[in-house]
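Quick note on labels: first sequence line is chain A, next is B, and so on, each numbered from 1.
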Amino acid sequence: MARTVTIDPVTRIEGHAHITIDLDDEGFVSDARFHVTQLRGFEMFCEGRPFAEMPSLMARICGICPVSHLVASSKACDALMAVSIPPNGARLRRLINLAQIVQSHALNFFHLSSPDLLLGMDSDPEKRNVFGVLAQHPKQTKEGIRLRAFGQELIRTLGGKRVHPGWVVPGGVSHPLEEEARDRVLAELPEMMVIVERNLDWFKGHMDGFQEEIRSFANFPSLFMALVDEKGRLDFYDGKLRFVNAAGNAVGDDVDPADYARVIAERNESDSYLKSPYYRPMGYPDGMYRVGPLARMNVVESLGTSAADQEWAEFQQLSRGSVLSSFHYHYARLIEILYCLERIRELLEDPGILDPHVRAHAEPNARVGVGASEAPRGTLFHHYEIDENGLMKKANLIIATGHNNLAMNRGVLQVAKHYINDGQVDDGALNRVEAVIRAFDPCLSCSTHALGEMPMDVVVRDAQGNVVDRKVRS
Amino acid sequence: MTAPFVVIGIGNTLRRDDGVGHAVVEVLREHADPAEIELSTCHQLLPECVVSLEGRRGVVFVDATVERPAGEIGTRAVEADAEPWRWGHQLRPETVLGLLDDTSRPAALVVGIGAADFDYGEELGKPVRAAVPAAVEAILTWTRTVDTTAST
């Protein structure tokens with residue numbers, strides 16, 4: 001008899017979601033879906049607010065990556081003011097964005113995903129959490145906690161507090177960096193480099209134990225998107241959009257983020273509050289693309305720092321084209337932490353980092369502004385329209401996790417089909433269905449934003465599970 | 001150089017009396033020697049606390065409690081709890097200590113201050129505010145004696 005298996009909630013992710021797996025009469029998977037069950041509504045309740053309030057308002061979207069929203073939102077406001085921000089304002093924004101990526105990546109790898117990687121996908125679910133890992137692998141876990149704390153402390157040093165700092169503002173940042181604080185951060189960097197290099201070695205040494213997961217975790221052709229600089233290098237703060245295909249060839253390049261709507265279309269699904277963007281020239285669903293650490297590794301021509309570039313070259317040996325398995329988001333995440341630490345050192349060693357001129361001031365000079373940056377989970381867009389008084393008329397946010405929605409859904413189906421057969425559904429199989437989602441590191445608090453009127457599919461069932469009524473709004 | 005003691009004020013400063021742990025830490029800044037006592041605050045205890053407590057002689061957790069009348073102060077020694085814990089967003093002091101190994105586990109004290117008003121706002125209620133100096137004194141006294149056996 002056909003039945004539906006539900007995983008509710010999906011654990012060790014940011015936000016709230018569940019997964020449904022439909023089994024056919026023979027007990028084989030016929031469909032699987034990732035449903036995001038929370039809705040935020042930030043686009044609506046910012047309407048009418050002065051545009052300069054947007055960075056602080058938008059930062060409240062998320063407690064994990066508020067800095068990413070501060071950066072993208074402030075860039076959108078820069079565009080509304082039509083200003084070029086002072087060079088050191090840009091340096092300092094880059095710095096806090098890198099700190100954000102270090103702490104967020106460390107959170108995913110060590111707190112959320114390491115229980116699967118260190119204890120095993122089939123380990124005791126009672127202990128398959130950060131505390132179980134801490135008990136069995138205390139050194140590695142504490143290193144991860146130290147790494148995350150380093151990123152958080154750098155955010156606090158720059159912005160005044162670890163969560164929701166108001167330091168990134170339209171026109172730049174609110175105040176410069178002090179020399180003593182710079183030296184303190186520089187002194188900690190060598191230890192952090194050792195931690196991430198040791199964990200990269202550990203991950204590469206243990207990949208053989210995850211060959212089945214590598215084969216089945218959202219491992220399929222798709223496009224990949226990220227920002228790159230003028231030399232095609234990794235750029236978390238600025239740059240142009242590039243799309244590459246599974247073969248590693250660019251199919252869209254040099255796209256100004258302000259023109260994102262030319263290449264990205266958005267679509268609603270009836271069973272989720274998460275939008276499903278796709279690459280417009282290829283249509284839905286063929287235009288499915290992935291963003292985030294794996295995509296960035298696939299899109300760039302180099303990373304731009306020495307140690308990270310060596311790791312990237314080794315990473316590229318995994319495939320002749322793009323690396324397709326989403327299991328390797330973990331690998332890419334560690335390489336990106338290494339890159340961020342190197343870039344943080346470069347920025348802090350730049351004498352200009354102490355320049356006190358960090359902010360430009362202006363009234364609004366344009367009615368439309370788009371800000372884009374690379375958040376930990378991928379490319380983030382803030383698109384604002386204001387009226388003649390500088391009040392918000394409209395906002396559209398496209399969040400990294402949303403870009404990955406089509407791929408996450410296909411990944412859930414792929415894993416479910418691989419691990420669930422003959423109606424046999426064990427804990428290890430269900431954990432792997434969750435783990436493929438964790439590999440993407442979705443932040444659902446960030447990413448549930450409405451696109452007009454939500455489509456709805458309401459199904460009413462009786463006590464036996466029979467459908468007695470159904471209403472669809474498309 | 002790591003200070004031998006750390007005091008952690010726990011709570012939400014936007015919910016009135018719940019922020020008393022932070023208020024105690026702020027007053028401690030005027031009285032405690034930073035070389036001896038490190039001060040920190042948080043909304044709730046997180047796994048990060050485990051790393052920051054390693055190798056200390058003592059830790060004091062200062063928090064609001066509804067188990068006492070507003071303004072009444074109680075202290076209790078904390079024993080490590082080794083039971084599995086699955087809720088990563090909020091740890092108990094006992095759980096934090098349980099995640100440290102025997103050789104790096106500090107003596108620990110909870111200072112609970114009776115609280116009653118958890119409405120929106122940043123002001124402490126009068127009895128809770130009045131209890132802050134006594135809580136500070138209790139902490140300073142404990143760090144001088146490191147008596148983990150008393151429970152009042």
Item to check | Distance (rounded to the nearest 0.5 Å) between A:F131 CZ and B:L91 CG | outcome: 4.0 Å
Checklist entry - Which residues in residues 114-131 of chain B have a heavy atom less than 4.5 Å from any heavy atom of chain A? => result none
Checklist entry - Where does A:R128 contact chain B at under 4.5 Å (heavy atoms): side chain, backbone, both or neither? => result neither
Item to check | Approximate separation, where rounding is to 0.5 Å, of A:Q152 CD and B:L46 CG | outcome: 8.0 Å
Item to check | Among A:R162, A:R146, A:R148, the one residue meeting salt bridge (charged side-chain N to carboxylate O under 4.0 Å, His left out) with B:E48 | outcome: A:R148
Next on the checklist: Once side chain to side chain donor-acceptor pair (under 3.5 Å) is applied, what residue pairs with a partner in residues 433-443 of chain A remain, sequence neighbours excluded?
Outcome noted: A:T11-A:E434, A:T11-A:R438, A:N108-A:D441, A:D116-A:R438, A:R377-A:D441, A:N431-A:R438, A:E434-A:R438
Checklist outcome for this item: Nearest heavy-atom approach of A:V130 to B:P47 is CG1-CG, 4.3 Å
Checklist entry - What residue in A:I145, A:T141, A:V163 has the most heavy-atom pairs under 4.5 Å with chain B? => result A:I145
Checklist outcome for this item: Rounded to the nearest 0.5 angstrom, the CG-NZ distance for B:L99 and A:K142 is 8.5 Å
Item to check | Partner set under side chain to side chain contact (heavy atoms under 4.5 Å, CB included) for A:E179, not counting sequence neighbours | outcome: A:R182, A:D183, A:L354
Item to check | Within 6.0 angstrom of B:E36 CD, more than 12 heavy atoms from elsewhere | outcome: yes
Checklist outcome for this item: Those residues of residues 51-60 of chain B that come under 4.5 Å of chain A on a heavy-atom basis, listed by number, are B:V51, B:E54
